[in-house]
Structures are given as structure tokens and as C-alpha cells.
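Beneath this line is the structure, given in C-alpha cells, with notes to follow.
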2 protein chains.
Amino acid sequence: MKKGENEPEARKSNRRGGGRPTIADVARLADVAAITVSRALRHPSRVSAELRTKIDDAVAQLGYVPDPIARALASARSDVVGVLVPSLTNVVFADVVKGIYDQLRGSSLQIQMGNTHYSALEEERLVSVFLSQKPSALIVAGIDPTTATRKMLANSGCPVVQIMETSYDPIDMLVGFSHFDGGREATRHLIDSGYRRIGFIGARMDPRTQRRLAGYRRAMEDADLFDPALITTTPTPSSVTLGGQLLADALGRTPDMDAIFCNNDDLALGALFECKRSSIQVPQRLGICGFNDLEMMAVAFPTLSSIRTPRYAIGQRAVQLLQERLADKKVDTITDLGFELRPRESTNRIV
Amino acid sequence: MKKGENEPEARKSNRRGGGRPTIADVARLADVAAITVSRALRHPSRVSAELRTKIDDAVAQLGYVPDPIARALASARSDVVGVLVPSLTNVVFADVVKGIYDQLRGSSLQIQMGNTHYSALEEERLVSVFLSQKPSALIVAGIDPTTATRKMLANSGCPVVQIMETSYDPIDMLVGFSHFDGGREATRHLIDSGYRRIGFIGARMDPRTQRRLAGYRRAMEDADLFDPALITTTPTPSSVTLGGQLLADALGRTPDMDAIFCNNDDLALGALFECKRSSIQVPQRLGICGFNDLEMMAVAFPTLSSIRTPRYAIGQRAVQLLQERLADKKVDTITDLGFELRPRESTNRIV
DNA sequence: TTGTAAGCGTTATCAC
DNA sequence: GTGATAACGCTTACAA
């Protein structure tokens, strides 16, 4: 109403551009400079109440929505958070990702997800791709990163949270728990329950699985029970079906096995079904302990012992750390969220 | 080596900008215009072999990587594909998403994922946010979209694939199967197996669940077996635990129930465990049929009948359609990928 | 507190 | 086939 540029009124200036209103339109309508609109939108407190009102009105009237892409180009920071996981179908990561999403609700951050397929090289490639999007932060539930990956991440200047483990020195921040300790505790529990010939079955054998195996081994050695013949592993990805097969294999080779620590709950469930099918009494003839404590463990028949891992909490906490960091607060470098043994019928011999 | 601009050599021109080489650096080194570099990168065939070589060399020498954000701003098209799902922890969507990722591997498209939490309004909000990123395409495994959502999507000009169902008229493209038919087929199977008092248990009761229930109802009515007392539902999200509870409820109210169609496999597994725990013979005393045919169904004891749904294929096909569409090919509007009954021990009364 | 000017790195447009 | 120029819509740097 006040100022009137030389152009008519329709703003559609020159060549390109869709029809959406831009910050310039808002500025014109509110009779301020574009930069003031920009400020009012991002730091309302740095703009006088008077102008703020005018600007808010103009924004509302025009239905203006900032263009995240232009914003990203100008500021060299996008509002996406990159999330790298080794698998999309593994429930474990689904839970983590849910934690991430839930904690991110309400904020304007978007999630871009990548699947590393348990490959350090694929992870390296994806980190490079993601970094080129100038993300606000990166959450990596990767495998043990390559040197190149570490370097890229460290030099990126963007906050990085590595999740799931506490076993390496953090590039930036770390949230997880000790898989070694988890494996050891599960095994100790079996020992404490009176089992002696305790087997281990594991699939895929990614680094985290290896660490759980190492924990198992330590516990067995400490109790003078270790016997390599009790270990059955395969590079094949884990599944319920595989759990049954591995158990059958293991029992074939070491028939005196009296308990089994399954590297994850899928395997444990498969092992349980296999026992049922072969009329092997659980927990009398064979004790079973899983890892992760998925929901079904507590309702299976018999209920299955497991190690409860803080998957959802890891995702949540990772985002919290990010948010604090982005708000320039000081945050812990390493957060150990621990785990918890959940003893149930499947390891309770004195039923 | 040839031309030498007036500037020294270090390109770091003016004020901002990180240290990464830009298209201008490549152009300078290759002694061509920036736009030619741009062309060489995107449409190699439109540039002479000679220049192409020079440019490729320069790119390699500089380690130039195009900036996706600048690209997006200039072209009004980003290389992200938005994916909207109602749940992140539901295995069903995990499989779909995996199909999407696998089919996308190798392409330069990135995925941005949103969780609608089974809410049409949240979906609407997310569609709006996603659209503001000028995505290359959108894949929506949403719930029944609101009018506003449909409108935004339709006007966006970006390819949209709605997945999971075939039951509404597509905004653009549709890939899925008929949940009504699936529910009906599962129920028919139970009827054909000799069961008469067939119950239904369902959780969350989102639109797709409702359609499966409608299919159940139709099958029961057609066989003159329908009895509303046989239906047990809850708005609570589905889980294995819930499956056991719902079954117990149902049997409490209608003790003569002789089979149960579980709206999904989690419920079916919970129901099976509940039967085991209560010494209810499956399939003799109670037949069980699930829906989706997750991996565990085939190895449970007894093995569980289910309806195999093409989850992975849906994700894959959705991306294929997108890719064809983006390549300006003509594509089908509706793709029905069907489903398949998998009869197993849990419904095989004549064991 | 507000504004001016310049630029972020790329591509569309149009001319040669 | 190649290039000059002007956007794309926003924010940083600096000045008033």
C-alpha cells in the first residue's frame, strides 16, 4: 500500500520459477527488505514487534512457505539428517529408526536414510553422497567405518552420532552399549542356570555379532567350559528358518549340547520351533537364550530369555544429542545405554 | 595449461563457499563454458567427443562432484524420492521399503522417508513438506488420502505412486493388491478346510484392515456362516502379545469358535502361542490363518497358513514405474500384484 | 534493528 | 554444438 516499485503488481518477474510466493513477495507486501523477512522467520526476537506483525500477516496472506532448497544453497546447511543403517528389514534398526523419528517429530528436520548393506565400502560411498547434501547432522549405525569414512566424517564439520556400540573411539558422538558385555552376560546367565555344554549360533557375523561371540567365548573360558566345537556360525543373513537349521546342525555335531546362546532373537525363535518339532524339551533338555528381546520373546511358549537392548532409546538419544549440539550445548561424547538380562522360562531348568 | 584468466590460480574467488571445486573450476580447467560442463555431465551425447574428454579429465583431476542443492535450485527438481509410510516398525513396510531401496540402487536418487503414523492429517502435512523439496517423485503407502492431499499431489506435477492397495482411483499410479479379496480368500480357505465357526481378530483397524474384515464378512455371508459375535477388534496397534489376548477374548465369548482368521501374522503368532499355552490343538480344535506370510510362518510349529502379499515386489515395482515415467515412457496406471494363499499345517484338519 | 549488495553453484533461455 | 547471461530463492557479510 505504501511503497510501489516500478513494476505493475503481478510479481511473476522474469523467466523461470513456479507460481509459489517468494520471500520477495512477502517483503514487498510487508514493505520491508527481504532479509528482514528472512530474519523474522528464523529469529523472531531479532526483529521489532511491529515489523514482525506485518511480516507474519504478509506470510499468512500469501501462504508463503520458505523454499528449503534455496535456503540450503544460501546457508550451506540443509534441514536433512542423514541416517545410515546396515539393514532396513532387521527389526533392530526399525526400532532405532522409530526412536529417531519420534524424537524428531515437531522439528523441521527431515530424514534421509541410506542402507549400507553391512558393507564398509557402501557406507563410505553413502557418507560421501550424504555429505554432499550438506546435512544438519548424520546418524550412523554402520559397521566399523573405514579410515576414509572416518576422515570424511571428521572433516565434514557436521555433527555425527555413531550408534549401536560403545566399542570404538567416537568420531564425534557415540550412543550404544557393549555387545561384548551383552554376549558375556547372556552366556553367564546360562552357566548360572546350570547349563554346561552351551552352544553359540550366529548368522551374518558382522562386527557386532563377532563381539557378542567374543563375549560368549570369554564367559565360557572364564568358567573353563569353552569348546570351539560348540560354536556354529554362517555368513548367511539371520532368519527364523536359519535358527532352526543352525540348531539342528549344532546338535548333530555336539549332541551333548545342553543350552544355546542365539546371537539374536530370530535365531532363538527358529531354534525354539525346531525343538518343538523335534520334541526337545525346553528348558529341561536344552536352554535357549536370545539377544535383543523382541516383543515376541515374552509371549512365546515357553517364554524366551534374552538380552534387552535399548534400541528405541538409542535412536531417541542420538537425536537428543544432535539437538543439543545444534543448540550449541555441550554434550557427552560417549553414552552407554546398557542392556538388561531378561531371564524367562526357556532357561529356567527348575521349572 | 592453455588459457590463463586474470586471476592467479587459486580459484577461491570472493566471500563464501567451502573449499570444494565448482563447475566453474572445471570449466576453467577444461577451457570451456560452465554450461558445457553441465551438459557434458548430464547429457554426454550432446557434447562433442573432444570437449567431453577434456571435461572428464578436468572433473577427474579436480575431483569435482556436482552440488545437488544448487542443482535442485536451478532446475527446480531434486534427486530425492519422498516415501511416506504409516509405520516404520511394521515388517510389512520394512519389506516394501527394502524393495524400493534395492530397485533404486545405482541410480542417483535418494530417499527421504516420512512416517504418517496412520494419520491422514499427518500424511497431509508431510506431503506438503515433502513437496516443498521438489522431489523427483513420491511414493505413498499412506492411508486413504484426504481431499487436500489428493489435490496437492495431483497439482504437484511430480510422479506419484500410491502403494499397497488397488482400491481407490489413483492420483497418478497405483501398485498393490486387493485387501478385500485377500481377506475373502483366507476366510474361504478356512471354510473349505471344514471350519464353520470362524472368528476374526484384528488390531488398529486402519482402512486396509477394515477391507480385509469386509472380505472376511463377505465370505462368511456367502457361506451363510456370518455371526458378528465372531469378530474381535481393537484400535490398539497390532502385536504378538495382542494376538494371544484377542484370541483368549474371542474364545471366552464364543467358545465354539473352531478357527480364526488373524488380520496379520503377528496376531497369528500370538494366537498360536496362546493355543500352545492353553493346550488348544491346532489345527484340530482351532484352525489359524494369518495374513502377509512373514518368514516365520513357514517354520512355526505347527506351520502357519497365511496369505502371501507381494510387499517387496510392490516397492520394487513402484520404483520401476517411477523410473519409466521419469524416462518419459508410458506406464500403467494400476498394477495389481495379487496375493497368494499359503495353506499349511495350522489349517490342515485332516493331519 | 534494518537494509544493501553480493553470492551460494547450478541450469534454463536464447543466441550464435 | 557451444556459450553469455540471467535467473533459482534465499542468506551471509557488512554498513547504516
Side-chain angles (χ1 to χ4, degrees), chain A residues 2-3 5 7 11-28 30-55 59 62 64-79 108 132-134 136, chain B residues 3 5 11-28 30-55 59 62 64-79 108 132-134 136:
Chain A
K2 280 183 198 161
K3 200 154 139 197
E5 290 299 295
E7 318 184 66
R11 49 151 221 95
K12 45 172 326 217
S13 51
N14 325 20
R15 287 215 288 257
R16 284 159 26 186
R20 286 179 29 181
T22 72
I23 203 172
D25 299 319
V26 177
R28 209 168 297 137
D31 196 22
V32 297
I35 185 64
T36 305
V37 177
S38 175
R39 279 198 200 99
L41 260 29
R42 289 175 304 151
H43 319 284
S45 65
R46 295 186 202 167
V47 168
S48 68
E50 188 197 5
L51 286 191
R52 212 185 312 150
T53 312
K54 279 168 70 178
I55 290 171
V59 165
L62 258 30
Y64 168 73
V65 181
D67 180 334
I69 295 172
R71 193 169 256 186
L73 182 60
S75 66
R77 269 272 157 281
S78 75
D79 53 2
S108 64
S132 78
Q133 327 262 30
K134 313 237 171 62
S136 284
Chain B
K3 199 154 144 194
E5 290 299 295
R11 44 150 225 97
K12 44 173 331 218
S13 52
N14 325 19
R15 287 214 289 256
R16 290 167 8 195
R20 284 178 31 180
T22 72
I23 204 170
D25 300 320
V26 177
R28 210 168 297 138
D31 195 23
V32 298
I35 185 67
T36 305
V37 176
S38 176
R39 278 197 199 100
L41 260 29
R42 290 174 302 150
H43 318 284
S45 65
R46 295 187 202 167
V47 169
S48 68
E50 188 196 6
L51 288 191
R52 213 185 310 151
T53 312
K54 280 168 70 179
I55 291 171
V59 166
L62 260 28
Y64 168 73
V65 180
D67 180 333
I69 296 172
R71 192 168 257 188
L73 181 59
S75 66
R77 270 270 157 284
S78 74
D79 52 3
S108 63
S132 79
Q133 328 262 30
K134 313 235 171 64
S136 283

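Numbered from 1 within each chain, the chains take letters A, B, ... in sequence-line order.
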OP1 or OP2 of [N] less than 4.0 angstrom from a side-chain nitrogen or oxygen of [X], does that happen here?
X     : N      : value
A/T36 : C/dG3  : yes
A/S75 : D/dC10 : no
B/S48 : D/dT2  : yes

Shortest side-chain distance from B/R71, nucleotide among C/dT11, D/dC8, D/dC10: C/dT11
B/S78 side-chain N/O to B/A72 backbone N/O, donor-acceptor pair under 3.5 Å: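 Absent.
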Quick one, [X] and [Y] - any side-chain contact, counting heavy atoms below 4.5 Å?
X     : Y     : answer
A/V59 : A/L41 : yes
B/I55 : B/R52 : no
B/R71 : B/D79 : no

5'-most by nearest nucleotide on DNA chain D - A/Y64 or B/L51: B/L51
Please state how far atom [atom1] in [X] lies from atom [atom2] in [N], giving the value in whole angstrom units.
X      : N      : atom1 : atom2 : answer
A/D79  : D/dC10 : CG    : C1'   : 13 Å
A/D67  : C/dT10 : CG    : P     : 17 Å
B/I55  : D/dT2  : CD1   : C1'   : 10 Å
A/R52  : C/dT2  : CZ    : C1'   : 14 Å
B/I23  : D/dT2  : CD1   : P     : 15 Å
A/I35  : C/dC8  : CD1   : C1'   : 14 Å
B/K134 : C/dA12 : NZ    : P     : 13 Å
A/Q133 : C/dG9  : CD    : P     : 15 Å

Touch class at under 4.0 angstrom, heavy-atom based, for A/I69 against every strand present: nothing
Sugar-phosphate only, base, or nothing, as touched by B/A33 at under 4.0 Å among non-hydrogen atoms: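 Contact class for B/A33: sugar-phosphate only.
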Contact list for residues 37-51 of chain A, test side-chain hydrogen bond (donor to acceptor under 3.5 Å, both in side chains), sequence neighbours left out: A/S38-A/R42
Difference in axis direction between the ends of the helix from C/dT1-D/dA16 to C/dC16-D/dG1, five pairs, 10°: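 Taking the rotation axis at each end, their angle is 20°.
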All side-chain contact (heavy atoms from CB on, under 4.5 Å) counterparts of A/R77, not counting sequence neighbours: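 side-chain contact (heavy atoms from CB on, under 4.5 Å) list for A/R77, sorted by chain: A/S75, A/K134, A/C158.
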Proximity to DNA chain D (any heavy atom under 4.0 Å), residues of residues 37-45 of chain A only: A/S38, A/R42
